[in-house]
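Have a look at the structure below before the remarks.
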Amino acid sequence: MTISQEIANLTEDSGQDLPEENVQIGSIQGTVVGLRYYTGTVNRGEMVSLVREPQNPYDRNAVMVANVYGRQVGHIKKELAAPMAYIMDNNLARVEGVVPYGETNKFSMPVNLTFWSKEENRDAVHNQMRRHGFKLGTEFKGYSTKTSLGRDLLGLSSKMSAIPLTAEELKNAFDKLFDDLMEDKTREMEPAEAVCTALLPHQKQALSWMTSRENSNDLPPFWEEKSGLYFNVLTNFAVKERPEKVLGGILADDMGLGKTLTTIALIVSNFHNGKPLPLEQKTFHLIIIINVENTCCLIKKIKIKIVETMIIKKKKKRSQTFKTVVKVTLQCKKILIFINLMFVSFLKHFIKKKNSNTHCSRSYFISIQDQFEQHIRADVTLKVYLYYGAERKRSVKLLSEQDVVLTTYNVLSSDFGNKANSPLHKVNWLRVVLDEGHVVRNPNALQSKAVLELQSERRWILSGTPIQNSLKDLYMLMSFLKLKPFDVKEWWSRIIQRPVTMGDRVGLKNLQVLVKGITLRRTKNSKVAGRMLVQLPERRVFVQHVTLSEEEREEYEQVRKEGRKIIGSYFEEGTIMTNYADVLAILVRLRQYILCFNHYSSSSSINDPGTPNELREHLINKITLVLNSGSDEECAICLDSLRQPVITYCAHVYCRPCICEVIRSEKQARCPLCRAQIKTRELVEYPGEEMQAGAATGENWRSSSKVDALMSNLLKLRQEDPTVKSLVVSQFTRFMDLIEVPLREYGFSFTRLDGTMAQKTRAKAIQDFQDSSPGNPTIMLLSLKAGGVGINLTAASHVFMMDPAWNPAAEDQCVDRCHRLGQSRDVVITKFIVKDSVEENMVKIQKKKQELVEKAFGVKKPMDLKQARMEEIRALMEI
DNA sequence: CATCAGGCGTGGT
DNA sequence: AGTCGCCTGATCG
């Protein structure tokens with residue numbers, strides 16, 4: 001979790017189902033009346049939801065009763081509705097209902113109401129009920145809370161009879177949630193002929209499983225057929241009509257097992273009725289010629305490919321002009337894939353490019369795009385459209401005609417949010433695939449809503465880590481898959497989330513059944529028929545401590561003292577959070593100092609600015625620092641990666657659309673983070689990285705202890721085995737500039753990959769590096785966040801981590817780029833840490849964080865987070 | 001006359 | 001296993 005996200009959590013209205021609110025403070029039996037006016041039915045033991053109806057013309061206290069399917073059943077009797085309305089409107093408690101019996105009566109039925117709230121509201125709720133002559137009890141008498149099926153629907157009896165799970169057990173259960181025996185998931189299936197890459201056995205299994213999930217006629221989890229009726233065993237809901245099928249699921253394989261390839265195979269292999277996607281010539285009825293001058297390069301590239309095949313087939317000559325031949329199929333084949341925009345450096349790249357009015361979309365799609373090209377036979381025409389960038393064609397027709405449409409979560413949500421005419425939401429897709437689907441985990445975020453609104457027959461989530469923080473993440477996934485009734489928050493909470501977090505074994509069992517039914521997960525260590533799924537070479541991590549030279553130490557201490565003084569004064573004033581950008585700036589400066597010392601001009605971003613121009617520059621400095629700090633900053637409003645980042649006069653960074661929305665909706669707009677007044681015209685944009693182009697070469701170059709340490713390692717390696725290739729990873733591109741100097745000096749052949757590079761050079765860099773023939777580079781300077789998912793750097797077997805990352809996961813991901821399928825050597829990771837410095841403190845905090853996550857899984861106390869953040873800064877600066 | 005079991009009709013917010 | 005208020009008739013001191 002990033003810093004701004006944590007801050008956002010502090011400012012955000014506390015959610016409705018924090019653990020504190022999960023105390024049962026009383027229950028009472030009430031009556032549902034007016035049944036004959038509504039069609040909704042309830043079976044014995046079935047859950048109902050209670051919805052306030054303040055607009056009811058007869059009684060503003062009205063409380064509506066609805067069944068799990070959302071059909072109205074009736075109302076709560078008005079005498080009881082009166083106190084309930086007060087309690088519900090003032091959020092004193094949440095009320096849940098279960099109907100113990102009731103099919104027989106035509107006019108009314110009983111309902112067992114349970115009040116859930118914070119302990120401190122107990123008295124208020126009890127008093128309110130008492131004032132109206134109702135006494136809340138603790139238990140219902142006269143009947144069992146168990147249904148005929150013996151399942152515990154109220155969660156009451158289990159609380160008393162069964163031993164709740166301990167936190168330890170719960171965590172364990174969570175870890176094992178996805179460990180599936182895969183009994184019926186070992187069947188293999190050959191992909192369609194259009195796939196030219198040979199699938200590994202586990203990929204064939206995944207393909208088979210995915211295909212069967214899409215074509216299956218099985219009932220969704222927890223539905224059973226019983227004497228002509230369809231019966232949900234969890235909610236006790238029974239219907240005549242067959243419940244909607246859930247076609248799709250979660251492919252949760254570990255990174256590097258080929259989720260994307262499997263999905264591509266699925267796309268071309270399983271069209272309607274289990275037949276492959278019709279790609280051959282005969283399905284195309286129409287040939288048109290269009291001008292593609294305006295479409296971006298990659299499209300062009302693909303289409304040129306098509307031209308080539310056409311030339312072969314039609315034996316026609318066509319000059320290499322901008323005209324190209326496109327085939328249009330009369331059948332609709334629509335697939336949508338999302339790519340996660342994970343990396344801030346990419347984002348910077350995008351903004352920079354956007355301003356210079358060039359095509360930028362390619363960088364995001366390059367890996368997926370490549371995979372399509374790589375795995376699909378060249379003589380097959382798969383129509384792929386990148387729905388991205390300012391020039392994207394917002395034509396529903398065009399999109400409908402594609403085989404595959406690629407887009408990003410950001411494009412989707414901005415289309416969805418800005419205008420009602422989002423073309424992506426107008427197409428009835430055959431299949432929607434969320435790549436890296438765990439990024440849409442916050443159901444309140446616009447992008448999540450946009451994703452949920454997509455119409456599709458089949459839905460897939462690809463994610464190596466389907467649960468990132470807590471069970472709540474899963475809710476979003478269920479919601480996307482439209483797995484009734486868990487796509488509605490109330491039912492998800494009542495049936496799964498709350499029972500599980502309260503340690504109910506039945507709830508956990510249900511969760512397991514649920515997950516098992518829709519998820520396929522294999523890890524690198526999974527076994528198939530006793531054999532390892534994928535045998536990866538070993539991976540060893542070494543930490544190499546670096547001692548600063550006396551001179552360096554002196555300079556470092558000086559900078560540290562300065563920063564400590566400033567941050568210390570913020571602490572005293574209690575203004576740490578308001579001066580957050582400054583604090584971050586100081587920390588970054590310190591970390592950079594360790595790497596390359598006086599190569600950074602000490603242009604102060606801390607002194608009070610005077611003229612507006614100075615202020616502007618000052619803010620630009622700050623936003624640059626924040627975005628380059630490597631702390632993976634996210635917008636505190638949308639909780640997403642920053643999109644068009646801007647900085648306010650009070651030095652907080654948001655997405656431009658987000659903060660503009662805030663300013664527009666409030667009269668006296670205030671900064672969500674510090675409550676300072678803000679105006680739209682005072683927002684300062686991030687100018688991109690141009691200004692950073694400092695000359696790090698030449699006379700003013702000077703080595704540092706860290707660079708020396710790296711160089712001695714590299715030299716030793718080369719001596720031992722000149723074919724060994726290494727990745728040198730840093731978060732600071734300018735540090736990479738510095739490293740280039742000694743690399744050249746010692747005659748290393750190297751290449752570089754960072755966010756500032758144009759896509760062409762980027763692809764070339766990877767290609768050169770992966771090529772092992774002599775003369776090609778043996779070292780790649782890699783920016784921690786460059787590359788994105790799916791970049792393959794298996795040529796490297798050594799990784800040098802030059803500076804510790806805030807987020808240990810980012811480091812892991814980086815290493816995974818070479819430690820993956822196709823790696824033949826053991827991977828050695830060397831992390832350089834400077835002794836007695838912020839770096840060491842960072843590592844300590846990293847460790848602490850990890851422990852904390854492991855100990856208290858998913859349970860966070862919001863107030864402690866702010867404290868923890870302050871403590872972190874304190875620990876970093878040794879104050 | 002008081003009390004109670006049982007039958008009956010009633011029925012939205 | 002079931003509402004709930006009201007009426008009735010049986011039963012009791």
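Note: hydrogens, waters and symmetry copies are ignored here, and every other heavy atom, side chains too, is used. Per chain, numbering begins at 1; letters A, B, ... match sequence-line order.
If you take CE of A:M88 and P of B:dT13, they are 16 Å apart, rounded to a whole angstrom. Put simply, CE on A:M109 is 22 Å from P on B:dT10, counting in whole angstrom units. The nearest whole Å value for the distance from the CE atom in A:M84 to the P atom in B:dT13 is 13 Å. Atom CZ of A:R52 is separated from atom C1' of B:dT13 by 11 Å (rounded to the nearest Å). Rounded to an integer number of Å, the gap from CG of A:L50 to P of B:dT13 is 15 Å. If you take CD of A:E79 and C1' of C:dT3, they are 13 Å apart, rounded to a whole angstrom. Going from atom CZ of A:R44 over to atom C1' of C:dA1 covers 8 Å, rounded to whole Å. Distance A:N105 CG to B:dC8 P: 17 Å, rounded to the nearest Å.
The gap from the P atom of B:dG9 to that of C:dA1 amounts to 24 Å, rounded to the nearest Å.
Distances were taken from every side-chain heavy atom of A:F107 (C-beta onward) to each of B:dG12, B:dG11, B:dT13; the shortest belongs to B:dG11. Of the candidate nucleotides B:dG12, B:dT13, C:dA1, B:dG12 has the atom lying nearest to any side-chain atom of A:Y38.
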Report all interatomic pairs (protein N or O, nucleotide N or O of nucleotides 4-7 of chain C) with separations under 3.5 Å.
none

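For residues 122-131 of chain A, the salt bridge (Lys or Arg N to Asp or Glu O under 4.0 Å) pairs, not counting sequence neighbours, are A:E119-A:R122. Legend: salt bridge (Lys or Arg N to Asp or Glu O under 4.0 Å) pairs involving residues 212-221 of chain A, not counting sequence neighbours, sorted by first then second residue: A:E214-A:R431, A:E214-A:R458.
Ring geometry for A:W492 versus A:Y475: interplanar angle of 30 to 60°, hence tilted. Ring planes of A:H425 and A:F416: tilted class, angle from 30 to 60°.
Classification of A:R494 and A:E96 as a salt-bridged pair holds, one side-chain N sitting under 4.0 Å from a carboxylate O.
At least one side-chain heavy atom of A:R242 sits less than 4.5 Å from a side-chain heavy atom of A:L219.
Counting non-hydrogen atoms under 4.0 angstrom, A:N56 reaches a base of the nucleic acid. Among the heavy atoms of the strands, none lies under 4.0 Å from A:N61.
Counting distance only, with no hydrogens placed and no angle test, the side-chain atoms of A:Y58 and the base atoms of B:dG12 include no donor-acceptor pair under 3.5 Å.
Considering only side-chain N and O atoms, A:K78 lies under 4.0 angstrom from the phosphate OP1 or OP2 of B:dT13.
The residue from A:V439, A:L446, A:V440, A:I461 that alone fulfils the side-chain contact (heavy atoms from CB on, under 4.5 Å) condition with A:V451 is A:V440.
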